[in-house]
**Q** 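Take a look at this one; I'll ask things after.
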Amino acid sequence: YTITYQNVGAASVSSLVITDAIPVNTTYVAGSMRLGATVLTDAADADGGVLIGGTKGSTQFTIGTVASGATGTVSFQVTID
């Protein structure tokens, strides 16, 4: 799954966090979280990615500040149960 974000406002957005549920009948693939091309760990640490509630829970990406007009992507993989 890939989520694209964009700040269409005139000012920067601070403290952006994107949370997405892992779809029903799927299982999160360990180590598959990405912020753009950067691989994130699944643990709650300084890299901004965390798996919440295990492989059937949700993913959370802490983006931080997004400048006006800026865009980016976050992604993760699942397998079908």
**Q** Which atom names give the shortest non-hydrogen contact between Val74 and Ile63, and what distance separates them?
**A** CG1-CD1, 3.7 Å
**Q** OG of Ser58 to CD1 of Ile18: how many Å apart, nearest 0.5 Å?
**A** 13.0 Å
**Q** Give the minimum heavy-atom separation between Ser32 and Gln77, together with the two atoms involved.
**A** OG-N, 2.9 Å
**Q** Please report the shortest heavy-atom distance between Ser75 and Thr2, naming the atom on each side.
**A** CB-OG1, 3.6 Å
**Q** Are Val78 and Ile52 linked, directly or through other ILVMFWY residues, by side chains that come within less than 4.5 angstrom of each other?
**A** no
**Q** Phe61, Val50: one ILVMFWY side-chain cluster at the under-4.5 Å cut-off?
**A** no
**Q** Run the side chain to side chain donor-acceptor pair (under 3.5 Å) test on Thr59 and Asp20 for me, step by step, so that the C-alpha distance in whole Å, both residues' side-chain angles and the decisive distance to 0.1 Å come before the verdict.
**A** CA-CA 5 Å; Thr59 57; Asp20 193 31; 5.1 Å; no
**Q** Should Phe76 and Val29 be regarded as members of a common hydrophobic cluster, given that ILVMFWY residues are connected when their side-chain heavy atoms come within less than 4.5 Å of each other, either directly or indirectly?
**A** no
**Q** How about Lys56 and Ile22: do any of their side-chain heavy atoms sit closer than 4.5 Å?
**A** no
**Q** Taking Val39 as the starting point, is it possible to reach Leu35 by hopping between hydrophobic residues whose side chains are less than 4.5 Å apart?
**A** no
**Q** Do Thr19 and Val17 come within less than 4.5 Å of each other through their side chains, counting heavy atoms only?
**A** yes
**Q** Are Leu51 and Tyr1 connected in a single hydrophobic cluster, I mean Ile/Leu/Val/Met/Phe/Trp/Tyr linked by side-chain heavy atoms less than 4.5 Å apart?
**A** yes
**Q** Determine, step by step, whether Tyr5 and Thr71 satisfy the side-chain contact (heavy atoms from CB on, under 4.5 Å) criterion, reporting the C-alpha distance in whole Å, the side-chain angles of both residues, the deciding distance to 0.1 Å, and the verdict.
**A** CA-CA 5 Å; Tyr5 60 90; Thr71 187; 5.7 Å; no
**Q** List the atom of Gly9, the atom of Ser68, and the distance in Å for their closest heavy-atom pair.
**A** O-OG, 2.5 Å
**Q** What are the two closest non-hydrogen atoms of Met33 and Tyr28, and how far apart are they?
**A** CG-OH, 3.0 Å
**Q** Within this structure, what is the CG-CG distance for the pair Asp42 and Asp47, rounded to the nearest 0.5 Å?
**A** 9.0 Å
**Q** Donor-acceptor pair, Asn7 side chain versus Ala70 backbone, under 3.5 Å?
**A** no
